[in-house]
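Residue indices begin at 1 and follow the sequence shown. One-based numbering, in listed order, for ligands and for the atoms of each.
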Amino acid sequence: MAETRKPSRPLQGMFSAVPRRYDIINRIFTLRLDERWRRMAAEKILEAGPAVVLDLCTGTGDLSLALDARGGRSAVIGADFSLPMLAEARRKAGRAGSNALFVAADAGELPFRDAAFGAVGIAFGFRNLTYRNPGRDRYLAEVLRVLEPGGRFVIVESSQPRSPFIRAMAHLYVTAVVLLVGGLISGERGAYRYLAHSAVNFPGPDGVAALLRGAGFSRVEYRRLFLGAAAIHVAYR
Ligand SMILES: C[S@@+](CC[C@H](N)C(=O)[O-])C[C@H]1O[C@@H](n2cnc3c(N)ncnc32)[C@H](O)[C@@H]1O
């Protein structure tokens with residue numbers, strides 16, 4: 001198990017350094033579209049009425065809060081390996097009167113039994129787990145393990161626009177604005193340099209679908225958002 005934790009550590013330090021301003025920076029970068037995209041992902045996660053859902057890489061808990069607000073009878077658990085991010089998530093849940101629970105966990109070694117969840121969601125964390133991350137296969141295997149047969153893994157993540165012109169504009173935006181504003185506001189230039197680099201080089205939606213099928217998911221669908229700048233994938237166990 002040690003080798004699954006090791007590759008996560010650099011990212012753990014990076015995310016633990018940015019929680020206080022993480023939300024505001026997200027809103028600025030995505031022109032508040034991130035909130036709408038999480039709500040769309042939450043609808044997909046809850047569509048089949050799962051009893052318990054996992055928000056993997058919950059960060060400051062926004063997807064968990066969106067799930068709990070819509071959840072009806074679904075119990076919501078948010079998991080992340082960054083304690084400062086989780087502390088912020090718990091603060092926000094307290095303020096919102098949310099019943100979502102937050103647990104410290106590494107995606108490579110989830111502290112849940114097999115088939116514990118009817119659905120697993122991840123908002124803007126899939127790229128971190130899979131882009132040049134040596135733990136990638138282990139993370140995907142863990143998602144499959146904790147999903148019920150037929151359960152779904154819903155991913156909302158930045159993507160690559162189909163049009164070369166729009167893609168070039170999106171890359172320019174990510175590199176310039178993310179590096180400049182992200183570095184200045186958060187004071188963590190390294191964290192945002194990594195985010196910009198991975199956003200530009202991350203595969204498009206077909207590449208992500210192929211990755212998921214290769215990992216053992218039986219069926220994968222996706223929908224492009226905002227001219228392809230982001231996408232929601234739904235992969236079934
Ligand atoms: C870009 S943030 C996304 C946060 C949140 N889901 C959102 O919608 O804003 C990625 C999160 O993934 C977490 N993370 C990255 N690698 C992880 C791992 N191996 N195990 C658990 N959490 C991880 C980081 O701590 C960070 O909070």
Please determine whether residues Leu140 and Phe112 belong to a single hydrophobic cluster, defined as Ile, Leu, Val, Met, Phe, Trp and Tyr linked transitively by side-chain heavy-atom distances below 4.5 Å. yes
Sub-3.5 Å donor-acceptor pair from the side chain of Lys92 to the main-chain atoms of Thr60, do we have one? yes
Determine, using heavy atoms of Asn128 and all atoms of ligand 1, whether some pair is separated by less than 4.0 Å. yes
Near Arg145 CZ, under 6.0 Å, is it more than 12 heavy atoms from other residues, nucleotides or ligands? yes
Starting at CD of Gln160, measure out to CD1 of Ile166 and round the result to the nearest 0.5 Å. 12.5 Å
Check: Ala123 N/O within less than 3.5 Å of ligand 1 N/O: yes
Ligand-side contact atoms (ligand 1) for residue partner Gly59, heavy atom cut-off under 4.0 Å: 4 (C), 27 (O)
Taking only heavy atoms of Tyr139 into account, list the atoms of ligand 1 that are under 4.0 Å away from them. 19 (N)
Neighbour count >12 (heavy atoms, 6.0 Å) for atom CZ, Arg213: yes
With respect to Ala107, determine whether any N or O atom, backbone or side chain, lies less than 3.5 Å from an N or O atom of ligand 1. yes
Same hydrophobic cluster for Val208 and Tyr222, using side-chain heavy-atom links shorter than 4.5 Å among ILVMFWY? no
Out of all atoms in ligand 1, which are within 4.0 Å of some heavy atom of Ser82? Include the element for each. 25 (O)
Using distance alone, determine whether Asp106 and ligand 1 share an N or O pair under 3.5 Å. yes
Consider every N or O of Gly108 and every N or O of ligand 1, then say whether any pair is closer than 3.5 Å. no
Check: Arg38 N/O within less than 3.5 Å of ligand 1 N/O: yes
Please confirm whether Ala105 comes under 4.0 Å of ligand 1, counting heavy atoms of the residue only. yes
Hydrophobic cluster identity match, Tyr173 and Tyr194, side-chain contacts under 4.5 Å: yes
Does Leu129 have a non-hydrogen atom less than 4.0 Å from ligand 1? yes
In terms of the angle between their ring planes, are Phe124 and Trp37 parallel, tilted or perpendicular, with boundaries placed at 30° and 60°? tilted
Arg152 charged N/C atom sitting above Tyr236 aromatic ring, 6.0 Å / 45°: no
Would you mind listing which atoms of ligand 1 come within a distance below 4.0 Å of any non-hydrogen atom of Met85? 27 (O)
Heavy-atom proximity to atom 16 (N) of ligand 1 ranks first, among Phe124, Phe81, Phe126, Trp37, for Phe81
Nearest-option assignment for atom 6 (N) of ligand 1, heavy atoms, candidates Ala41, Cys57, Ala104: Cys57
